[in-house]
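The structure under discussion appears below in the form of structure tokens.
Quick note: residue numbers are just sequence positions, from 1.
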Amino acid sequence: MSDHYCDTCPEFDIDIFKGLTILVADDTQDNVFLTRYILKSYGIQVISASNASSAFALIKHESVDLLISDIDLPDESGYSLIHRVRSLMPLPTRDIPAIALSENTHKQAHQQALTSGFQTYIQKPSNPVSIHKYKTQLIIEIAKLLCRSNKNSSSLFSDYSCLLTK
């Protein structure tokens, strides 16, 4: 196996995501399992929480590089979680890149996620056909967010399609 994501993008080292820790906050275990499976295939360490309170505690006590949160968590919304992270956590933790997840297909949900403090919004897969789209969008959005949050890595991701050959 090559050390690169694809032959057309030799600058993409397969280890680019290794060592990262992503927190997945979702109360639906099937979604956690799917997301964990996708991220682990890229060498990403995944920790999970089934509610906003647990997610907030993990962010407070663990080194988390990125948050992926369901909007509809059982104890409080993902909107509330990201608001608490952005307002109560010290720097640099409060600036953690964050992706909102939801089954909601309305444009308002996407806009509310951005307004609440998430950088991007991804719709959860609703059937087996949508799983590939979810994987593609998830990996590309993670790469974009990490590129933006790490000024030293801006040259790492010039063509995101190379991340999808895995």
Side-chain angles (χ1 to χ4, degrees), residues 1 4-6 9 12-59 61-82 84-85 96-114 116-149 156-157 159-166:
M1 183 169 148
H4 304 290
Y5 282 101
C6 66
C9 305
F12 279 33
D13 188 340
I14 196 158
D15 295 333
I16 201 73
F17 293 118
K18 289 192 178 165
L20 294 176
T21 300
I22 294 181
L23 170 59
V24 178
D26 196 325
D27 61 317
T28 307
Q29 288 307 306
D30 288 345
N31 292 332
V32 173
F33 178 82
L34 174 63
T35 303
R36 180 185 305 272
Y37 177 80
I38 292 167
L39 298 178
K40 283 187 166 270
S41 74
Y42 284 85
I44 298 169
Q45 179 183 352
V46 179
I47 56 177
S48 62
S50 60
N51 59 57
S53 298
S54 297
F56 189 79
L58 284 168
I59 293 168
H61 298 292
E62 301 287 332
S63 177
V64 176
D65 297 297
L66 189 135
L67 169 65
I68 299 172
S69 179
D70 184 12
I71 295 304
D72 299 315
L73 294 170
D75 59 342
E76 67 180 284
S77 72
Y79 301 128
S80 176
L81 170 61
I82 197 63
R84 287 197 313 146
V85 168
I96 184 173
I99 298 172
L101 293 179
S102 179
E103 294 173 350
N104 192 329
T105 60
H106 296 100
K107 187 168 177 71
Q108 301 94 306
H110 182 258
Q111 189 56 46
Q112 187 174 357
L114 298 178
S116 297
F118 289 97
Q119 282 89 1
T120 193
Y121 173 93
I122 298 176
Q123 186 178 345
K124 288 183 178 184
S126 58
N127 59 55
V129 175
S130 64
I131 290 174
H132 179 72
K133 178 181 176 187
Y134 173 73
K135 174 189 175 187
T136 301
Q137 190 175 11
L138 183 65
I139 294 302
I140 288 173
E141 292 302 327
I142 289 170
K144 287 180 186 178
L145 289 174
L146 294 174
C147 179
R148 283 185 217 140
S149 68
L156 293 177
F157 303 108
D159 178 7
Y160 301 108
S161 64
C162 296
L163 299 171
L164 305 176
T165 62
K166 187 131 176 65

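- Looking at V64 and I22, their side chains never come closer than 4.5 Å, going by heavy atoms from C-beta outward.
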*Could you walk me through whether V24 and D70 pass side-chain contact (heavy atoms from CB on, under 4.5 Å), step by step?*
CA-CA 8 Å; V24 178; D70 184 12; over 6 Å; no
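- Annotation: side chain of T21 is in contact with side chain of I47 (closest heavy-atom distance under 4.5 Å).
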*Check the pair K18 / Q45 against side-chain contact (heavy atoms from CB on, under 4.5 Å), numbers first and verdict last.*
CA-CA 8 Å; K18 289 192 178 165; Q45 179 183 352; over 6 Å; no
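- Y134 has its side chain within reach of I38: a pair of non-hydrogen atoms, C-beta onward, lies under 4.5 Å apart.
- S116 OG to I71 CD1: the interatomic distance, rounded to the nearest 0.5 Å, is 7.0 Å.
- Between L145 and P97 the shortest heavy-atom distance is CB-CB, 3.9 Å.
- Closest non-hydrogen pair, Y42 versus F17, comes out as O-CB, 3.4 Å.
- The shortest side-chain heavy-atom distance between D26 and S69 does not fall under the 4.5 Å cut-off.
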Table please: side-chain donor-acceptor pairs of residues 48-58 below 3.5 Å, with sequence neighbours left out.
unit_1: S48; atom_1: OG; unit_2: R36; atom_2: NH2; d: 3.1
unit_1: N51; atom_1: OD1; unit_2: S53; atom_2: N; d: 3.2
unit_1: N51; atom_1: OD1; unit_2: S54; atom_2: N; d: 2.7
unit_1: N51; atom_1: OD1; unit_2: S54; atom_2: OG; d: 3.0
unit_1: S53; atom_1: OG; unit_2: D75; atom_2: OD2; d: 2.8

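- In this structure, L39 and L138 have side chains that are in contact, with non-hydrogen atoms separated by less than 4.5 Å.
- When all heavy atoms of Q119 and L114 are compared, the closest pair comes out as O-CD2, 3.3 Å.
- The backbone N or O of H132 sits less than 3.5 Å from a side-chain atom of T136, completing a donor-acceptor pair.
- In this structure, the side chains of K124 and T28 come closer than 4.5 Å at one or more pairs of heavy atoms.
- Using a 4.5 Å heavy-atom threshold, the side chains of L23 and V46 count as separate.
- T35 places no side-chain N or O within 3.5 Å of a backbone atom of V32 that could act as its donor or acceptor partner.
- Summarising the geometry, atom CG belonging to L67 is positioned 5.5 Å from atom CG belonging to L81; distances are rounded to the nearest 0.5 Å.
- In this structure, OG in S77 is found 7.5 Å from CD in Q112, a value given to the nearest 0.5 Å.
- Put simply, CD on E62 and CD1 on I59 are 11.0 Å apart, with the number rounded to the nearest 0.5 Å.
- Rounding to the nearest 0.5 angstrom, the gap separating the CG atom in L66 from the CD1 atom in I68 is 5.5 Å.
- For E103, there are no salt bridge (Lys or Arg N to Asp or Glu O under 4.0 Å) partners, not counting sequence neighbours.
- Here NZ of K107 is found 7.0 Å from NE2 of H110. Values are rounded to the nearest 0.5 Å.
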_Worked verdict on F118 versus L101 for side-chain contact (heavy atoms from CB on, under 4.5 Å)_ = CA-CA 10 Å; F118 289 97; L101 293 179; over 6 Å; no
*Can you list the steps and then say if Y121 with N104 is a side-chain contact (heavy atoms from CB on, under 4.5 Å)?*
CA-CA 10 Å; Y121 173 93; N104 192 329; 3.7 Å; yes
